[in-house]
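To start, the structure under review is shown below, and the notes come after it.
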Amino acid sequence: MRAGQPEEEGKIFVEAEGREGTKRQLIERVAIVGAGTMGSGIAQVFAEAGVAVTLVDAAPTALQWAMAAMERNWSRSVEKSKRTPAEVDSARSRIALAHDIAAVGEADMVIEAVFEDVATKQGVLRDVDRVAAPEALLATNTSSISITQLAAATERPGRVIGMHFFNPVPVMPLVEVVRGLLTQAETVARVLACVTRLGKTPVEVHDFPGFVSNRVLLPMINEAIFCLQEGVADKDAIDAVMRLGMAHPMGPLALADLIGLDVCLNILDVLQRELGEDKYRPAPLLRKMVAAGKLGRKSGEGFFLYEG
Ligand code: CAA
């Protein structure tokens with residue numbers, strides 16, 4: 001399989017060589033369900049790559065929030081002369097907003113980007129499966145949940161795949177492409193080509209809890225929280241050690257705030273439960289902060305305070 005070049009704006013092609021010869025497949029329109037931080041970033045990068053996007057969220061304020069986030073990013077990129085106002089206008093014009101899940105019906109690929117919870121994601125995928133075009137691909141942006149388990153909620157497990165984007169989506173170059181047990185090779189090839197056309201790098205991994213990214217990242221963040229809880233050092237010192245000693249762009253506590261402490265807790269719970277090892281046990285301090293509503297940047301306070 002090899003990725004083809006885009007022949008028309010707004011179309012992502014992959015040439016798949018099968019028994020019946022070479023056939024061209026197309027991802028011309030995507031729908032993204034869930035207009036939080038990740039859904040909004042994913043919508044932005046697809047629109048910038050020339051693809052028509054339908055962003056779906058039942059909550060009216062979520063769609064407004066997502067558009068405001070994109071507008072902030074676009075203003076910044078125009079100020080820095082990274083994009084022209086005309087390029088921004090054209091990206092914006094490719095985005096349609098919808099509250100009803102039925103709006104995914106036209107899409108060649110639907111990307112689920114709702115809250116990191118098995119039942120929530122299965123429910124959304126089940127609903128999407130009912131209304132999406134029969135040949136459409138269903139991708140999930142889960143950060144730790146089994147793709148095979150999520151695919152089982154649908155009638156098309158061969159066309160279900162993990163497409164794990166990283167926050168902030170417009171900046172981070174990686175997409176972890178996760179193949180479930182029943183994901184077909186053609187689905188993987190189409191998604192790999194699609195990620196490349198977004199200007200990002202796909203890395204293919206198998207379906208294990210937390211994949212590679214969060215199986216490695218979350219134990220580090222969790223250990224930083226244990227250090228804080230045990231008084232090994234204060235929050236600034238812990239983050240400074242990792243930034244200045246290990247050249248991480250931000251410290252683990254600030255990164256936890258960026259990801260969302262509730263998301264971190266859910267990922268650690270999945271790792272501990274599914275891999276059955278206590279080394280993934282979430283720090284009690286993390287649980288306490290989530291219970292108190294200190295969720296990180298999105299709530300205005302996590303390990304650090306965020307104004308505005
Ligand atoms: N949205 C869009 N763009 C953003 C942004 C955001 N939220 N935050 C920063 N940027 C852009 C800036 O506009 C700037 O763009 P230009 O280079 O075009 O000017 C660029 O990113 C650098 O930003 P800053 O100069 O303001 O700040 P910085 O150099 O400190 O970088 C950072 C900020 C990109 C967030 C950097 O600190 C970083 O890479 N941190 C690590 C992020 C990370 O590890 N993400 C993965 C989290 S794990 C995950 O998402 C998956 C999961 O399943 C949990």
Side-chain angles (χ1 to χ4, degrees), residues 34-48 65-84 87-88 91 111-117 121 139-147 150 162-178 198-201 203 205 208-222 224-225 239-240 242-244 246-271 280 282 286 290 295-298 302-304 306 308:
T37 306
M38 299 306 285
S40 154
I42 297 167
Q44 182 184 328
V45 296
F46 270 99
E48 288 171 356
W65 179 90
M67 284 316 298
M70 286 184 241
E71 293 297 349
R72 272 196 307 278
N73 292 340
W74 282 328
S75 307
R76 219 169 29 217
S77 62
V78 169
E79 272 163 31
K80 291 179 181 168
S81 304
K82 300 209 162 166
R83 278 180 207 287
T84 65
E87 284 170 336
V88 167
I111 303 175
E112 167 281 303
V114 300
F115 186 63
E116 186 71 6
D117 170 74
K121 283 188 181 288
T140 165
N141 182 52
T142 177
S143 18
S144 60
I145 301 167
S146 162
I147 305 305
L150 293 176
M163 221 176 161
H164 184 202
F165 288 83
F166 292 79
N167 185 11
V169 178
V171 181
M172 305 309 279
L174 174 69
V175 179
E176 229 177 358
V177 174
V178 191
L198 292 179
K200 298 201 179 284
T201 302
V203 172
V205 306
F208 280 84
F211 320 126
V212 171
S213 55
N214 285 327
R215 185 161 170 180
V216 175
L217 177 65
L218 262 296
M220 182 194 71
I221 289 176
N222 199 34
I225 303 171
D239 272 14
M242 300 306 288
R243 272 191 295 106
L244 305 179
M246 283 71 173
H248 288 196
M250 63 207 303
L253 299 174
L255 182 54
D257 281 352
L258 176 74
I259 293 169
L261 301 194
D262 50 345
V263 175
C264 290
L265 179 59
N266 279 359
I267 296 171
L268 284 162
D269 277 336
V270 167
L271 289 172
Y280 302 110
L286 175 62
V290 172
L295 305 181
R297 284 194 190 196
K298 63 185 164 191
F303 294 106
F304 298 92
Y306 302 89

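Just follow the structure's listing: the first ligand is 1, and inside any ligand the first atom is 1.
Contact annotation: for Asn167 versus ligand 1, heavy atoms closer than 4.0 Å belong to both the backbone and the side chain.
Counting atoms of ligand 1 from 1 in the listed order, those under 4.0 Å from a heavy atom of Leu217 are 48 (S). Near Asn214, the atoms of ligand 1 lying under 4.0 angstrom from a non-hydrogen atom of the residue are 52 (C), 53 (O), 54 (C). Every atom of ligand 1 with a heavy atom of Val171 under 4.0 Å away is listed here by number and element: 3 (N), 4 (C), 10 (N), 11 (C), 21 (O), 34 (C).
Annotation: atom 49 (C) of ligand 1 to nearest protein heavy atom, Phe166 CD2, 3.5 Å. At the shortest separation from atom 36 (C) of ligand 1 among protein heavy atoms lies Pro249 CB, 4.0 Å.
Considering Glu176, Glu116, Lys82 only, the shortest heavy-atom separation from atom 17 (O) of ligand 1 involves Lys82. Ranked by closest heavy atom to atom 4 (C) of ligand 1, the top entry among Arg76, Lys80, Arg72 is Arg76.
There is no protein heavy atom closer than 4.0 angstrom to atom 25 (O) of ligand 1. Put simply, atom 29 (O) of ligand 1 has no protein non-hydrogen atoms near it, under 4.0 Å away. Within 4.0 Å of atom 15 (O) of ligand 1, at least one protein heavy atom is present.
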Are Lys298 and Asp257 close enough, and set up right, to give a salt bridge (charged side-chain N to carboxylate O under 4.0 Å, His left out), and what steps lead you there? CA-CA 8 Å; Lys298 63 185 164 191; Asp257 281 352; over 6 Å; no
Report the C-alpha separation of Asn214 and His164 in whole Å, then their side-chain angles, then the decisive distance to 0.1 Å, and conclude whether the side chain to side chain contact (heavy atoms under 4.5 Å, CB included) test is met. CA-CA 10 Å; Asn214 285 327; His164 184 202; 3.5 Å; yes
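Between the CG atom in Asn141 and the CD atom in Glu112 there is a gap of 7.0 Å [rounded to 0.5 Å]. Taken to the nearest 0.5 Å, the CG atom of Leu218 stands 9.5 Å off from the CG atom of Leu265.
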